[in-house]
Amino acid sequence: MASSVLSYEGCNFFRQRVVLATLSGRPVKIRKIRAKDDNPGLRDFEASFIRLIDKITNGSRIEINETGTTLYFQPGLLHGKTVEHDCNPQRAIGYYLEGLLCLAPFMKHPLKAILRGVTNDQVDPSVDTLKATAIPLMKKFGIDGGEFELKIVRRGMPPGGGGEVIFSCPVRRVLKPVQLTDPGKIKRIRGVVYSVRVSPQIGNRIVESARAILNKFIPDIYIYTDHMKGSNSGKSPGFGISLVAETINGNFLSAELASNPQGQGSPVLPEDLGKNCAKLLLEEVYRGGCVDSVNQSLALLFMTLGQQDVSKILLGPLSPYT
């Protein structure tokens with residue numbers, strides 16, 4: 001299958017290029033990756049992402065030049081089965097998981113991925129948010145049944161990481177078309193506040209400050225506190241919150257915030273974190289749409305990969321990534 005090589009320049013949309021190449025079976029060549037940078041070439045986290053794709057496929061060919069500024073990737077067949085991967089802690093597990101969510105339903109065998117690294121940071125979608133929003137979204141496309149879950153075994157905050165999640169997904173070659181055009185009113189808000197290697201009291205302070213704002217709008221709010229101890233708490237201290245609003249039509253909108261990594265920036269007040277995250281959630285609700293900004297690109301991808309029947313989906317303003 002010698003299809004023409006797609007050629008790109010630069011480090012932008014790196015994951016999308018690799019994921020879409022894998023889905024379409026077309027080789028890609030990406031040149032001039034940070035060529036003018038003081039530290040040129042692929043970053044460690046990007047190389048780690050490529051290695052993960054290599055693990056879930058069969059017969060991928062990857063060539064990288066010495067400076068790391070040119071990548072040739074010829075995707076193999078999506079294989080699946082059990083894979084274990086240590087995600088580079090420069091980016092959270094969410095960075096790698098977003099790529100897997102796109103590919104998992106199209107494997108030859110059901111996928112079970114054990115990912116280790118940073119579970120929550122300030123850059124990528126946290127595993128909590130993906131569990132609460134991306135998984136239900138995928139169910140709407142008919143990806144369900146069998147082992148379909150995202151389990152958080154251990155937490156790991158940056159810079160040390162040390163977290164672990166298990167993502168299991170059944171094979172669904174054919175996706176259902178969706179009609180998501182009426183977001184519906186918000187009926188409840190759920191959330192999780194996590195804290196590791198800090199006082200458990202911090203969790204309660206975050207919950208109270210978030211509730212103080214959200215209680216004005218809706219009574220049905222439940223925010224869990226998740227204080228992991230010992231080996232389950234990873235290598236670095238930190239805390240954060242992930243909030244999800246569910247509508248009467250079963251759509252989910254999310255917002256999240258995390259504390260500054262140890263030794264970076266000034267310490268964040270738990271009260272501010274809770275308050276600001278509640279405001280972010282209200283902003284997400286204000287933007288409207290049946291899918292929040294984190295999952296827009298996933299929804300659009302699955303619409304594209306669907307059958308001839310047309311899917312319709314209502315989105316708020318598109319995120320730059322989308």
Side-chain angles (χ1 to χ4, degrees), residues 15-16 18-26 53 56-57 75 77-83 94 96-113 125 127-151 165-188 190 244-254 284-285 287-319 321-322:
R15 279 182 307 171
Q16 275 151 311
V18 170
V19 163
L20 296 177
T22 311
L23 283 170
S24 58
R26 292 186 65 179
I53 300 297
I56 58 169
T57 54
L77 300 170
L78 286 164
H79 187 66
K81 290 202 170 161
T82 302
V83 296
Y96 305 86
L97 200 52
E98 279 188 300
L100 284 187
L101 292 174
C102 300
L103 299 169
F106 310 106
M107 300 283 167
K108 189 175 174 192
H109 305 281
L111 175 72
K112 181 182 178 189
V127 288
D128 300 276
T129 295
L130 291 174
K131 181 185 169 104
T133 58
I135 300 288
L137 175 66
M138 289 170 76
K139 285 182 178 169
K140 290 202 162 93
F141 283 95
I143 303 161
D144 200 1
E147 291 270 305
F148 184 45
E149 66 163 356
L150 175 55
K151 200 161 127 200
V165 305
I166 300 174
F167 171 56
S168 319
C169 183
V171 176
R172 286 288 176 277
R173 285 298 163 93
V174 181
L175 299 182
K176 275 194 332 207
V178 296
Q179 300 284 330
L180 303 176
T181 48
D182 178 13
K185 294 250 187 278
I186 305 295
K187 69 171 177 183
R188 68 175 93 144
R190 294 290 177 265
V244 177
E246 185 185 346
T247 74
I248 50 176
N249 295 339
N251 298 317
F252 296 87
L253 307 169
S254 66
E284 195 67 63
V285 171
R287 285 192 198 127
C290 297
V291 178
D292 60 10
S293 13
V294 170
N295 294 295
Q296 285 173 346
S297 48
L298 183 67
L300 293 178
L301 175 70
F302 282 160
M303 285 168 73
T304 318
L305 297 171
Q307 297 307 295
Q308 267 55 44
D309 305 330
V310 178
S311 287
K312 276 188 182 165
I313 202 158
L314 178 72
L315 302 175
L318 298 184
S319 69
Y321 187 82
T322 307

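The structure presented is a predicted model; accordingly, all values stated were derived computationally and were not measured.
S254 and V244 make their closest contact through CB-CG2, 4.1 Å (heavy atoms, listed as atom of the first residue, atom of the second, distance). Of all heavy-atom pairs spanning P170 and D144, the tightest one is CG-O, 3.7 Å. Here the closest heavy-atom approach between residue C169 and residue P105 is recorded as SG-N, 4.1 Å. The two atoms that bring I143 and R172 nearest to each other are CA-CG, 3.9 Å, heavy atoms only. The two residues K151 and E149 come nearest to each other via the heavy atoms CD-OE2, 3.9 Å. For the residue pair L101 and A134, the shortest heavy atom distance occurs at CD1-CB, 3.7 Å.
Using a distance-only test at 3.5 Å, with no hydrogens or angles considered, a donor-acceptor pair links the side chain of Q179 to the main chain of V310. Looking only at distances, no side-chain donor or acceptor of R188 sits under 3.5 Å from a matching main-chain atom of T247. Judged by distance alone, the side chain of Q296 and the main-chain N or O of L315 form no donor-acceptor pair under 3.5 Å. For K140 (side chain) and G250 (main-chain N/O), a donor-acceptor pair under 3.5 Å exists by modelled atom type. In this structure a side-chain-to-backbone donor-acceptor pair under 3.5 Å is missing from D128 to K131. Of the possible donor and acceptor atoms, none in the side chain of S311 sits under 3.5 Å from a partner among the backbone N and O of M303.
When the shell of 6.0 Å around NZ of K187 is examined, it contains more than 12 heavy atoms from other residues, nucleotides or ligands. For CG of L77, the number of neighbouring non-hydrogen atoms (other residues, nucleotides, ligands) closer than 6.0 Å is 12 at most.
A donor-acceptor pair shorter than 3.5 Å can be found between the side chains of E284 and S293.
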Would N295 and L130 count as a side-chain contact (heavy atoms from CB on, under 4.5 Å) if you check the C-alpha gap in whole Å, the side-chain angles of each, and the deciding distance to 0.1 Å?
-> CA-CA 8 Å; N295 294 295; L130 291 174; 4.3 Å; yes
Could you walk me through whether T22 and I56 pass side-chain contact (heavy atoms from CB on, under 4.5 Å), step by step?
-> CA-CA 10 Å; T22 311; I56 58 169; over 6 Å; no
Stepwise side-chain contact (heavy atoms from CB on, under 4.5 Å) test for M138 and F148 | CA-CA 10 Å; M138 289 170 76; F148 184 45; 3.8 Å; yes
Criterion side-chain contact (heavy atoms from CB on, under 4.5 Å) on V178 and F302, from CA distance to verdict = CA-CA 10 Å; V178 296; F302 282 160; over 6 Å; no
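Counting only heavy atoms from C-beta outward, the side chains of I186 and L253 approach each other to under 4.5 Å. Side-chain atoms of V83 and F167, non-hydrogen and from C-beta on, never get closer than 4.5 Å to each other. Using a 4.5 Å cut-off on side-chain heavy atoms (C-beta onward), F106 and L175 make contact. Side-chain atoms of L301 and L20, non-hydrogen and from C-beta on, do get closer than 4.5 Å to each other. Residues L23 and L103 form a side-chain contact, since some pair of their non-hydrogen atoms from C-beta on lies under 4.5 Å apart. Between T57 and P75, the closest side-chain pair of non-hydrogen atoms is not below 4.5 Å. Residues L298 and C102 have side chains in contact (heavy-atom distance under 4.5 Å, counting atoms from C-beta outward).
Here the straight-line distance linking atom CG of N251 with atom OG1 of T133 works out to 11.5 Å at 0.5 Å rounding. To the nearest 0.5 angstrom, T82 atom OG1 is 8.0 Å from L111 atom CG. Here NZ of K81 is found 8.0 Å from NZ of K108. Values are rounded to the nearest 0.5 Å.
Electrostatic pairing of R15 and E98 counts as a salt bridge here, judged by a charged N lying under 4.0 Å from a carboxylate O.
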